[in-house]
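Notes for the one structure printed next.
Residues: numbered from 1 along the sequence shown. Remember, it's a predicted structure, so these values are computed and weren't measured experimentally.
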Amino acid sequence: MATATRLRTPVGGQGLPYIGEALTFLRDPATFVAARRARYGPIFTTRFLGQRVIVLPGAEAQRIVLAAQVENFPWRDGNPYAEPFLAGTLALTDGLPHDIPRKAMSPAFHRRSLTDYVAQIQQAVDTRLGAWGAAGVRPFFPEAHRITFSLAFLLLFGADVFEQYDDLNRVWTTFMDGAVNPVQLNLPFTPFGAALRAQKRIEAHLQAIITQRRDSEQAQGASGAAMDRGDLLDMLLRARDQHGIPLADEVIRAELKVLLFASYDTTPGTMVWLLVELLRHPALLARARQEVIAHCGADAAAPLTYEMLRQMTLLDAAIKEALRVHPQSVFSLRGVRAACEIAGYAIPAKSTIMLVPAYTHRMPEYFADPAVFDPDRFLPPRQEDVKHPYAFIGFGGGPRICIGEALARIEIKVFFAQLVRRFDLGLVERQDLTPRYVPSRPKGNVLITYSERADTPA
């Protein structure tokens, strides 16, 4: 008679009270996981911000959690610290409360809409780069941040309220500083306490925009002149639930907030790491510039199109490689609804699991010479991400993959294309480019040198 295989129980360290091993983990997630696997086994436990967490490295675990058994691993159950900031959003909902707003917003990220966005993005980038002058030194991260966050504001709300951007940007900075802080103490002098106060101002700001739009729509409807604005706020206002009822204002505020949350650090972080790595590898930078010129021409004033951007496969691969080496989600927590088995280990119900793309993206089982920045790994004939599905999850994976993935790629491609069509670029020496993991970006502001290219048309 066959004997049932006995499942292993994950074991691991404890660390400090409440904090656990979080600070050690956040200093260098890949090194942390490698050391703990060597000590405790391929799947292990740790204490992380008050929770006992089961760490699940590897592509197969990512496939199970993000796709094959996604309903068994709800995001909300593993992230109680996000509740004060993301309650009611796509990130913390399941079923119809998640699906209806996502479906309402989906047209904004379809190819037809993305095609229309290219001109708006290029105009915003050109306006910013036009203020640089012919040559100089610039901190690149603030430039990338301003471009991407202002574009998010424009695509969410339209141009008619863009004069409110600076006010929202100032309070949003305070909000984000506390939202990503691991110490959640609601005191007047803590970042967390400041973030909660900033959130109230953000909620009021967003509600004022929603009310203004509703009043405008009602006035236009009464006069027979109602119009489809095409921005994301318009789509959410027109959305209906399964009973034909419009979404409540608190639902709309929540979704607007999570979209701003996603655009604040993730896209500029990827944009900055892409430029840093290409500037560190001049031969790759030259190839990427040649690809831009081949498909878009050398004249920075010439308009870009969606088709031009789509053909830039090396740049696509370089964006993937930037996200592999410097993932914007270095880890991801999930709850466990029902007990299950992963890789021979027992995963109890009501436990918390952690995926660590920052480690899995560097596993030699999936990626050759994983410490090397090499975009060709994503191009034929190698295509390492195709050979090992779910080893690379730059924008997440499965049915809840980042809704704004395609838009983020377009923003990055337009910014890069305009940079290299206009300027020769370099990295200032002796600056701190040490990785910072939450959010993912270099510690410094990334000082770059730039000078107008001799072959740039007047």
Side-chain angles (χ1 to χ4, degrees), residues 8-16 18-83 86 91-92 180-182 184 323-324 326-363 366 390-398 400-402 435 437-440:
R8 300 175 66 182
T9 299
V11 296
Q14 294 292 319
L16 301 171
Y18 180 74
I19 295 294
E21 298 183 295
L23 297 180
T24 307
F25 173 87
L26 293 172
R27 277 197 290 270
D28 189 340
T31 299
F32 175 91
V33 173
R36 298 309 187 275
R37 291 188 88 196
R39 182 174 180 181
Y40 299 116
I43 290 176
F44 62 93
T45 64
T46 184
R47 295 289 297 179
F48 190 87
L49 302 181
Q51 300 185 87
R52 178 181 180 269
V53 172
I54 302 172
V55 181
L56 303 174
E60 180 61 10
Q62 292 180 165
R63 184 191 70 82
I64 291 171
V65 172
L66 299 178
Q69 300 177 29
V70 63
E71 297 303 324
N72 195 42
F73 301 98
W75 199 93
R76 178 175 186 167
D77 292 358
N79 293 272
Y81 62 87
E83 188 75 24
L86 297 179
L92 293 185
V180 300
N181 194 292
Q184 293 195 336
L323 283 165
R324 184 191 70 82
H326 307 287
Q328 287 302 306
S329 293
V330 298
F331 70 96
S332 181
L333 296 169
R334 296 287 194 279
V336 181
R337 284 182 173 160
C340 61
E341 175 266 328
I342 295 179
Y345 282 82
I347 310 299
K350 298 184 179 180
S351 57
T352 301
I353 59 96
M354 176 191 283
L355 303 177
V356 192
Y359 177 82
T360 300
H361 284 185
R362 291 172 177 257
M363 291 176 70
Y366 312 126
Y390 285 90
F392 170 74
I393 51 169
F395 287 93
R400 298 180 69 128
I401 192 170
C402 175
Y437 294 99
V438 181
S440 178

Ring pair (Phe, Tyr, Trp, His ring centres under 6.0 Å) with [X]: which residues, sequence neighbours excluded?
X    : result
F44  : none
F73  : none
Y359 : none

Would you mind reporting whether [Y] and [X] have side-chain heavy atoms less than 4.5 Å apart?
X    : Y    : result
W75  : S332 : yes
P29  : Y437 : yes
P57  : V356 : no
L49  : I19  : yes
L355 : F331 : no
T360 : I393 : no

State, to 0.1 Å, how close [X] and [Y] come at their nearest heavy-atom pair, and which atoms those are.
X    : Y    : value
P327 : A358 : CG-CA, 3.8 Å
C340 : Q69  : CB-OE1, 4.3 Å
V438 : V330 : CG2-CG2, 4.3 Å
R362 : A30  : CD-CB, 4.3 Å
Q51  : L333 : NE2-CD1, 4.2 Å
T46  : F32  : OG1-CZ, 3.7 Å

Not counting sequence neighbours, list each pair that qualifies as a side-chain hydrogen bond (donor to acceptor under 3.5 Å, both in side chains) and has a residue in residues 339-350.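 Applying side-chain hydrogen bond (donor to acceptor under 3.5 Å, both in side chains) to every pair that reaches into residues 339-350, excluding sequence neighbours, yields R8-Y345.
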Distance-only, no hydrogens or angles: does the T45 side chain make a donor-acceptor pair with backbone N or O of G12 under 3.5 Å?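 At least one qualifying donor-acceptor pair exists.
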Under 3.5 Å, side chain of Q328 to main-chain N/O of S440, donor-acceptor pair present?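 Yes, because the side chain of Q328 sits within donor-acceptor range (under 3.5 Å) of the backbone of S440.
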Straight-line distance of Y40 OH to I43 CD1, nearest 0.5 Å: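 Answer rounded to 0.5 Å: 16.0 Å.
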What distance do L16 atom CG and R47 atom CZ have between them, rounded to the nearest 0.5 Å?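 Going from the CG atom of L16 to the CZ atom of R47 covers 11.5 Å.
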Intermediate values then yes/no, side-chain contact (heavy atoms from CB on, under 4.5 Å), L56 and I64: CA-CA 10 Å; L56 303 174; I64 291 171; over 6 Å; no
Can you name the side chain to side chain contact (heavy atoms under 4.5 Å, CB included) partners of S351, sequence neighbours left out?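 If we apply the side chain to side chain contact (heavy atoms under 4.5 Å, CB included) test to S351, skipping adjacent residues, the hits are I54, V336, I347, P348.
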Does R63 have any salt bridge (Lys or Arg N to Asp or Glu O under 4.0 Å) partners at least two apart in sequence or in another chain, and if so, which?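 Applying salt bridge (Lys or Arg N to Asp or Glu O under 4.0 Å) to R63 gives E60.
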